[in-house]
Protein chains: 2
Amino acid sequence: MRIGELSERTGTPRRLLRYYEEQGLIKADRLANGYRDYDEAYVDRVLQIRGLLDTGLSTRIIKQILPCLNKPREIHFDEATPETLALLASERDRMTARIRCLTRNRDAIAEYLEMVSRA
Amino acid sequence: MRIGELSERTGTPRRLLRYYEEQGLIKADRLANGYRDYDEAYVDRVLQIRGLLDTGLSTRIIKQILPCLNKPREIHFDEATPETLALLASERDRMTARIRCLTRNRDAIAEYLEMVSRA
DNA sequence: TCAAACCTTGACATCGGTGTGAAGGTCAAC
DNA sequence: GTTGACCTTCACACCGATGTCAAGGTTTGA
């Protein structure tokens, strides 16, 4: 599919799809005329990227963790340097902290709304 | 406590403490000489703000949800307009989505690291 | 009384994610 | 063939969070 369809199906401006490519998060094949050509799997991939961006991760971090997210069952030996593994571990921990923070505060909002709706 | 101490105890640049105040997230008393004066509770408050910022919420949203986070057990009638309640509900849902996204991806990272450590 | 370590406000800079528009190539349909 | 809807690259602009620095006031201690 071309960029317009991917854009519509993911709700993502074309501008950003090109930006994510520039940042190394996605890679598009090219048709004979130079148009980008994405396959089906990119719909989910882009959605995943947007979700992660929305939770506060940077494109730089996302780029590092994406490979192990897509096929967690295989090791990417070229990527499995000690530095990368350390980054993954630290990012895992930061995500856990974020989850705790979000959960705590969301529950407080939910509780508040419950209270209001009872009053 | 003055701004320097709050800064140290929260690991937050003074610049940002002033910025959060400018955005209406915190409010400082003033000493006779004009210095900001914070009480103990602001340590947690600032930490909470930073945590939320880190999870992708904007200062604008944080400002809206803070009142109901601090004392969820009491209703702030002046704030309980239909618009505010709708915003709270929508923000609660967005946070839930973020939690799901973070959890899924963190678990994938964790699984990958487990695998690598076994190999 | 002077220095050092605080504090104040204000302004301008940076950085990452996004918006927008220009100038131009491709292709399908009428 | 011309129009309209796509696509390309490039560039400049914006916004929010943050860094940094200037110019100046206050307090503490040598």
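Numbers restart at 1 for each chain; the letters A, B, ... are given by sequence-line order, proteins then strands. The shown structure was predicted, so the numbers you read here are calculated from the model rather than taken from an experiment.
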- request: Rounded to the nearest angstrom, tell me the gap between atom CE in B:Met1 and atom P in C:dC7.
  value: 12 Å
- request: When you get a sec, tell me which of D:dT18, D:dT27, C:dT8 is the closest nucleotide to the side chain of B:Leu16?
  value: D:dT18
- request: Quickly work out the B:Tyr20 OH to D:dA17 P distance and round it to whole Å.
  value: 8 Å
query: Counting side-chain heavy atoms from C-beta on, which of C:dT26, D:dT27, C:dT9 comes nearest to B:Arg36?
result: C:dT9
message: What contact category does B:Ile3 fall into here, base, sugar-phosphate, or nothing, at under 4.0 angstrom with non-hydrogen atoms?
response: sugar-phosphate
task: Answer yes or no: side-chain N or O of B:Tyr35 and base N or O of D:dG25 forming a donor-acceptor pair under 3.5 Å.
output: yes
field: Side-chain H-bond candidate by donor/acceptor type, B:Arg106 with A:Thr96, under 3.5 Å
entry: yes
- request: Go through the N and O atoms of the side chain of A:Arg15 and the base of C:dT20, and report whether any donor-acceptor pair is under 3.5 Å.
  value: yes
message: How many whole angstroms separate atom CZ of A:Arg30 from atom C1' of C:dT26?
response: 14 Å
field: Whole-Å gap separating C1' (C:dG16) and CD (A:Gln23)
entry: 8 Å
query: C:dA5 P sits how many Å from B:Arg2 CZ, rounded?
result: 14 Å
query: Whole Å only: how far is the CG atom of B:Leu53 from the C1' atom of D:dC15?
result: 15 Å
- prompt: Looking across every strand, which nucleic acid part, if any, lies under 4.0 Å from B:Arg18 by heavy atom: base, sugar-phosphate, or nothing?
  reply: base
message: As a test of reading the structure: which of C:dC6, D:dG16, D:dT8 is closest to the side chain of B:Tyr19, going by heavy atoms?
response: D:dG16
query: Distance only, no hydrogens: is a donor on one side chain within 3.5 Å (strictly under) of an acceptor on the other, for A:Tyr38 and A:Arg45?
result: no
